[in-house]
Amino acid sequence: MISGIGIDVVDIGRFERSLARTPALLERLFAESERGRAPRSLAARFAAKEALIKALGGHAVIRWHDMQIVQDDEGNPDFLLAGALAAHVEALGIARVHLSMSHDAGIASAFVVLEGAETVGPPAGSSAGDE
């Protein structure tokens, strides 16, 4: 069952200028493991974090460092959630966070789908007494 979706796009040039103008943004927005990447990759990671915030419905318990973008064994992006954000996601019954990121033509984008735990029960249209 889909519990939430979020999408975000970032102008890579504008994002790069923001980082140059305000160097403290790098440490504020990204965990140490994320910081050494190219601006286009950082922009995609920022878009991913914004997309997750949108999928969750807002900023209530979110700290930037509580959501890191990591790669699985096959190189696919994934979230590593921590702190109050991880607890919030668990309390919402989110079983899986799906992430897709891309960058091309000066734009970075990310799409997030939150998958909730499904309730197991009889198929739609049947009742417990049907045989």
Side-chain angles (χ1 to χ4, degrees):
M1 168 173 67
I2 294 176
S3 298
I5 59 170
I7 187 168
D8 196 62
V9 296
V10 173
D11 180 299
I12 296 170
R14 182 176 177 199
F15 185 77
E16 191 170 7
R17 288 188 300 276
S18 293
L19 289 176
R21 187 174 52 250
T22 312
L25 278 178
L26 189 64
E27 289 184 23
R28 180 175 166 227
L29 298 175
F30 301 103
E32 189 173 340
S33 62
E34 298 172 297
R35 293 182 198 150
R37 300 192 171 269
R40 66 181 182 273
S41 293
L42 291 173
R45 280 161 174 70
F46 179 72
K49 293 177 183 197
E50 285 285 323
L52 177 59
I53 291 167
K54 291 173 182 176
L56 289 169
H59 291 270
V61 296
I62 297 172
R63 294 181 43 206
W64 294 106
H65 287 223
D66 284 349
M67 50 182 158
Q68 287 184 55
I69 312 302
V70 296
Q71 292 178 316
D72 67 14
D73 293 338
E74 297 173 359
N76 301 310
D78 199 3
F79 280 103
L80 176 61
L81 304 179
L85 177 58
H88 181 64
V89 166
E90 183 178 343
L92 290 174
I94 306 295
R96 178 87 170 96
V97 178
H98 301 273
L99 170 61
S100 180
M101 301 185 311
S102 186
H103 47 76
D104 188 31
I107 299 292
S109 63
F111 189 78
V112 170
V113 176
L114 304 179
E115 183 180 349
E118 293 190 39
T119 305
V120 177
S126 68
S127 67
D130 290 345
E131 293 184 38

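All values below were derived from every heavy atom in this structure, side-chain atoms included, with hydrogens, water molecules and symmetry-related copies excluded. Start at 1 with the first residue, then count along the sequence.
At most 12 non-hydrogen atoms from other residues, nucleotides or ligands lie less than 6.0 angstrom from CD of Glu32. Annotation for Asp104: atom CG does not count as buried by contact number, only 12 or fewer foreign heavy atoms lying within 6.0 Å.
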List, one per line, each side-chain donor-acceptor pair under 3.5 Å for residues 90-102, sequence neighbours excluded.
| residue | atom | partner | partner atom | Å |
| --- | --- | --- | --- | --- |
| Arg96 | NH1 | Asp78 | OD1 | 3.4 |
| His98 | NE2 | Glu115 | OE1 | 2.6 |

Taking only distance into account, with no hydrogens and no angle test, what donor-acceptor pairs under 3.5 Å do side-chain atoms of residues 12-21 form with protein atoms, sequence neighbours excluded?
| residue | atom | partner | partner atom | Å |
| --- | --- | --- | --- | --- |
| Arg17 | NH1 | Gly13 | O | 3.3 |
| Ser18 | OG | Arg14 | O | 3.1 |
| Ser18 | OG | Arg21 | NH2 | 3.3 |

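Between Ile69 and Pro77, the shortest heavy-atom contact is CG2-CB, 4.3 Å. Pairing each heavy atom of Ala44 with each of Ala110, the nearest pair is O-CB, 4.1 Å. Taking all atoms of both residues into account, the shortest heavy-atom contact from Ala55 to Val112 is CB-CG1, 4.1 Å.
In terms of modelled atom types and a separation under 3.5 Å, the side chain of Arg45 and the main chain of Phe30 share no donor-acceptor contact.
Hydrophobic side-chain contacts under 4.5 Å tie Ile107 into a cluster, directly or through other members, with Val9.
The CE atom of Met67 sits 6.5 Å away from atom CG of Leu85, with the distance rounded to the nearest 0.5 Å. Atom OG1 of residue Thr22 and atom CD of residue Glu27 lie 13.0 Å apart, to the nearest 0.5 angstrom. Between the CH2 atom in Trp64 and the CG atom in Leu25 there is a gap of 10.0 Å [rounded to 0.5 Å]. To the nearest 0.5 Å, atoms CD (Glu50) and CD1 (Ile7) are separated by 13.0 Å.
Residues satisfying the salt bridge (charged side-chain N to carboxylate O under 4.0 Å, His left out) criterion with Asp8, sequence neighbours excluded, are Lys54. Partners of Glu34 according to the salt bridge (charged side-chain N to carboxylate O under 4.0 Å, His left out) rule, which considers only residues two or more places apart in sequence or in another chain, are Lys49. Under the side-chain hydrogen bond (donor to acceptor under 3.5 Å, both in side chains) criterion, Ser41 pairs with no residue at all, not counting sequence neighbours.
With contacts defined as side-chain heavy-atom distances shorter than 4.5 Å, the pair Ile5/Leu114 does not qualify. The side-chain heavy atoms of Leu42 and Leu26, taken from C-beta on, include a pair separated by under 4.5 Å. Phe79 has its side chain out of reach of Gln68: every pair of non-hydrogen atoms, C-beta onward, lies at least 4.5 Å apart.
Hydrophobic clustering, with ILVMFWY side chains joined whenever heavy atoms are under 4.5 angstrom apart, keeps Val10 apart from Phe111.
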